[in-house]
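The next block holds one structure in the form of structure tokens; read it before the comments.
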Amino acid sequence: MKDSYGREIDYLRISVTDRCNLRCRYCMPEGIDKLPMPDLLTYEEIEETARAAARLGFRKLKVTGGEPLVRRNVPELIGILKRIPGIREVTVTTNGTLLAEQIGALKAAGLDAVNVSLDTLRPERFREITGTDALASVLEGIQASLDAGIRTKLNAVLQRGVNDDEWEELLLLAKDRALDVRFIEMMPIGAGRQTAGVSNEALIGQIARAYPLIRADEEVHGNGPAVYMHIPGFTGSVGFISAIHGKFCDSCNRLRMTSTGLIKPCLCYGDTVDVRGILRGEGDPAVRAWKLEEALREAVRRKPEAHCFETVSEITEGKRMVQIGG
Ligand code: SAM
Ligand code: SF4
């Protein structure tokens, strides 16, 4: 459906948990309380909301977290979402640690694509960034996903003085693999506010100096705001998600739903529309369906024209990224 600024909103990001088996400092610093399980939407409740979204014209769903693959039976949820009439694509964003063991079931359930988040290829740095020693399992997960023939992308967030010297090693993962490597600018959400990121503008300059034949890649690679470039001789492409230095709000196509059923019109603002109250409070399924559609329409109506990341004092979102899903 169209929002007040004429944008087609057809993409819903669904967080299925606030829990994670890693502790990326900019996303999930130590000391945040876990939500009690009964607060999370059940798979039935997620399905009911996704069905309402599909009736309104939503076509693409992303399952995220926290770490989605730590929740039990996520492949089952993928299968449920894939069977909803109108839904064309169901994808997952994961830290990759549990991907190798679940990829068979995810593929069988009909998963269309996977984004794996990985900020470094150095084991000791991986431990520093994520608080764990799981690099090998992430690399195994990426390979398993490629071997299964699932469209796979890698998302990396560069932090100044932490891993910004590693852009080329990350980029080279796309050389001989059908893997798009995407650089996401650090956003001032949660602990990201206190973490210095790297501007994609500066990064593109560095890449272009090292690879002067790099050129724009016009092919559509997915649902989102990434701008893609191609380096001759590379199998995969390189993408840039420049929330700060390349505002892409005029092409925003999404709503986000937290694991507790709060629909977020925009990443930058704390404004939400609650669907859990509807899912748990209204007995008549037909009335519930109508109320869910109305709540989603309201969230679309409340989408602002643009985010305000460049003016940190205007950001009203107080949740951490791990509670939102990215
Ligand atoms: N656990 C899964 C993962 O790591 O892909 C899914 C959830 S995680 C919140 C989704 C993405 O958000 C990850 O790629 C992570 O690097 C990114 N992220 C977290 N905090 C961020 C921030 N402040 N700015 C930009 N990206 C952030
Ligand atoms: Fe967990 Fe993903 Fe956040 Fe890292 S970025 S702490 S893997 S939710």
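Keep in mind that the numbers below use all heavy atoms, side chains included, and drop hydrogens, waters and symmetry copies. Note that ligands are numbered from 1 as they come in the structure, with each ligand's atoms numbered from 1 the same way.
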Could you measure the distance from the NZ atom of Lys34 to the OG1 atom of Thr17? Nearest 0.5 Å is fine.
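With rounding to 0.5 Å, NZ (Lys34) is 9.0 Å from OG1 (Thr17).
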
Qualifying residue for salt bridge (Lys or Arg N to Asp or Glu O under 4.0 Å) with Asp10, from Arg59, Arg254, Lys60
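With Asp10 as partner, salt bridge (Lys or Arg N to Asp or Glu O under 4.0 Å) holds for just one option, Lys60.
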
What pair of heavy atoms forms the shortest contact from [X] to [Y], and how long is it?
{"X": "Thr97", "Y": "Val138", "result": "CG2-CG2, 3.7 Å"}
{"X": "Ile278", "Y": "Ala295", "result": "CD1-CB, 3.8 Å"}
{"X": "Leu69", "Y": "Val74", "result": "CD2-CG1, 4.0 Å"}

Same cluster or not: Leu106 versus Tyr43, using hydrophobic residues (I, L, V, M, F, W, Y) connected whenever any side-chain heavy atoms lie under 4.5 Å apart?
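Yes; Tyr43 is reachable from Leu106 via cluster members.
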
Check for me, please, whether Ile80 and Leu40 land in the same ILVMFWY cluster - side-chain distances under 4.5 Å, paths through other members count.
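No, separate clusters.
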
Check ligand 1 for close polar pairs with the protein: N or O on both sides, less than 3.5 Å.
unit_1	atom_1	unit_2	atom_2	d
ligand 1	1 (N)	Gly66	O	3.0
ligand 1	1 (N)	Glu67	OE1	3.1
ligand 1	4 (O)	Ser117	OG	3.4
ligand 1	5 (O)	Thr94	O	3.3
ligand 1	5 (O)	Ser117	OG	2.5
ligand 1	14 (O)	Ser117	OG	2.6
ligand 1	16 (O)	Tyr26	OH	3.0
ligand 1	23 (N)	Met187	O	2.9
ligand 1	24 (N)	Met187	N	2.8

List the protein residues in contact with ligand 2, where contact means a heavy-atom separation under 4.0 angstrom.
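Residues within 4.0 Å of ligand 2: Cys20, Leu22, Cys24, Cys27, Met28, Gly66, Asn95, Val322.
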
Any non-hydrogen side-chain atom of Glu67 less than 4.5 Å from a side-chain atom of Thr94?
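Contact flag for Glu67/Thr94 side chains = yes.
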
Does the pair Lys303/Asp3 count as a salt bridge with the N-to-O cut at 4.0 Å?
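Result for this pair is no, no salt bridge flagged.
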
